[in-house]
**Q** 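Sharing a structure with you now.
Numbering of ligands and ligand atoms starts at 1, following listing order.
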Amino acid sequence: MLIQPDAVEFLISRGNGMEFCKKFIKELDTKPLIVSVDFLKRFVKEEKVEEKIKPIERKVAPVVKIDEDGFEILRDITGNSTCEGRLEDFVLLFKDRFEKLSKMLRKRQEMRNAVPIKKVWRSDDEIATIGLVKDVRNAKNGLIVEIEDEEDMISVYVSREIDSAIVNDEVIGVVGKRKGDLLIAKSIVRPELPVEKEKKLTNEEKYIAFISDLHVGSKSFLEDKWEKFIKWINGKSGSERQRKVAEKIEYLIICGDDVEGVGIYPGQEKDLDIEDIYKQYEELADKLSQIPERIKIILQPGNHDAVRPALPQPAFEKELREFFTSSNIEFIGNPCYMKINGITILAYHGQSIQDFASCVPGMNQNEPTKIMKEMLRRRHLAPIYGGISSLAPERKDYLIIDYIPDIFVTGHVHVTAVDSYRGVLMINASAWQSQTDYQRMMNFMPDPGKAVVVNLKNFMPSIVAF
Ligand SMILES: [Fe+2]
């Protein structure tokens, strides 16, 4: 049976989706091919069972020490996926998201006395509550936002002056007062980042370089810029200062879309220089072999790479890894938390930047750091379910930002941008592909052929253009 996304959401909203399915759908003589919301609603009146799903046992994220040079992977889906695409896994995913983000919200001063939604219905005073956003609709001078927790739901009126950037499936705190069936919001509270924390700086000057979206195999791959980059990183070009920086690069993080891929968008064939996906990886491996062996390359997949498209994406499988001859390459998933010399880095290809741009007024995919800030405030990389970026039903939500990174890096939108928010250095790493017709249609305004480098001695970023 196939279950429509709306039907999944309906089941999640009931909080007992698994029991519901067991009781009614499994016992049907004739099972429908596609389960829709309307189909499920036929059974609602008959249903009496209100049993809750037992909470899952939670494990502390393992720290996998990779090498002795101060490089660790803190969290990555690779090898940890539990995804079988089952309905109850979606229920568990959203349950995990709600539990973790509401726990973060409860640490906020305004949310200390937050009550479950069912208690809001019994109160006439100003009250605080927490809910997962189920629906957002426009209303006069504001929004009607439906929020739910494990037991109940309520509609919240949020005037535009208070907040106009609420997105589906994020977890928010609401302070407000009930008026009839509506909770009138006085303020919206996000999990947020704490105030700036102190960074662990290194004694010597050493650098991490960030690039992204190579799209090797595309006709639009910028070969000339790549050759200049290779010359520079080998210390053979640039000013004296730039050469010194290149000599001290210890890590190169590549944030996905490492090759162009095949069948990614309609009509992509005409944009391909290399049509065979394996040959694209062979070419990528050849290009990366030109980087000095002393530099550790950290290679992440993106939506163009040959791994599952749904987030979180695991690292490349063995058959792809075998193309790479260098022993100094680390294959990571998307997203991935890692530690380099005591600096915590969150690397994420950035698929959901487009979802935020299409859902939040005033957001633009060509200004990705503004959107990255919104992700940090929500402590979630991709809250919106059913948008451009698809989510895999893992039992644990790997897209929650529960560790606070020192550096948060994305790619995907082919822009070069650097900014900071509450001490987190945000980087959107540059692409190595010029604008394709498809990107023009999708309003991608590339700023390609650049490397962002960060000095771990003083945490200063700089951009080297090629
Ligand atoms: Fe890309």
**Q** Taking backbone and side chain together, does H215 place any N/O/S atom at a distance below 2.8 Å from the Fe ion (ligand 1)?
**A** yes
**Q** Within the supplied structure, the quantity of interest is the number of heavy atoms (other residues, nucleotides, ligands) at a distance under 6.0 Å from K219 NZ; does it exceed 12?
**A** yes
**Q** Which atom, among the N/O/S set of D213, is closest to the Fe ion (ligand 1)?
**A** OD2
**Q** Run through E170, R97, E374 and flag the one making a side-chain hydrogen bond (donor to acceptor under 3.5 Å, both in side chains) with H380.
**A** R97
**Q** Check whether more than 12 heavy atoms from other residues, nucleotides or ligands sit under 6.0 Å from atom CD of E223, and answer yes or no.
**A** yes
**Q** If you look at D257, which of its N/O/S atoms is nearest to the Fe ion (ligand 1)?
**A** OD2
**Q** Does any N, O or S atom of H414, backbone or side chain, fall under 2.8 Å from the Fe ion (ligand 1)?
**A** yes
**Q** So, R243 and E247, do they make that salt bridge, N to O below 4.0 Å?
**A** no
